[in-house]
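In what follows, a structure is listed as structure tokens, so that the remarks can point back to it.
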Amino acid sequence: MFGIGGGEMIFIVLVAIMLFGSKNIPEVARQLGKGMAQLKNATNELKYEITKNADEHGINKQSLTGGLSEELDKLKKGFDPTEITQVLENPDTPLISDVNREIDAAKAGIQELKGTVKRQR
């Protein structure tokens, strides 16, 4: 649910108990649920109004997204991972030489650092 694991849920519950107290948690959860339901209803109404107005003005959703879908399909068909592998394996390509140049500059910068690192207070 929402990409939250068990540990995060326990932490959220503990923080909620600390903030609102154990007696107020059911009321807070009830209000949160009502708020989420109202938000869902509002978004559904907005979607309905947009779809209704688009239909009234003769705008077809498929015509808007159809061209994009076709272009994505063409792109997927024309994608060849072996070409990318060949480019990345060749050290003389501009991309690889630029990356290597940046890596060498970073290495040189690190080698120039000498002495101990002092903490700042």
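Side-chain atoms are counted along with the backbone in the values below, which use heavy atoms only and exclude waters and symmetry mates. Fair warning: this is a prediction, and the values are worked out from it, not measured in the lab.
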Atom [atom1] of [X] and atom [atom2] of [Y]: how far apart are they, to the nearest 0.5 Å?
X    : Y    : atom1 : atom2 : answer
I17  : I12  : CD1   : CD1   : 12.5 Å
Q31  : M36  : CD    : CE    : 13.5 Å
N100 : K107 : CG    : NZ    : 8.5 Å
K52  : H57  : NZ    : NE2   : 10.5 Å
T51  : K47  : OG1   : NZ    : 9.0 Å
Q38  : K34  : CD    : NZ    : 8.5 Å

* **Closest approach of G5 to E8 (non-hydrogen atoms, all atoms of both residues)** =>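 Shortest heavy-atom separation between G5 and E8 comes out as N-OE1, 2.7 Å.
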Membership question, hydrophobic clusters at under 4.5 Å side-chain separation (ILVMFWY): are [Y] and [X] in the same one?
X   : Y   : answer
F11 : V13 : yes
F20 : V15 : yes
L19 : L14 : no

* Does a salt bridge link D98 with R101, judged by any charged N lying under 4.0 Å from a carboxylate O? ->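 Answer for the salt bridge query: yes.
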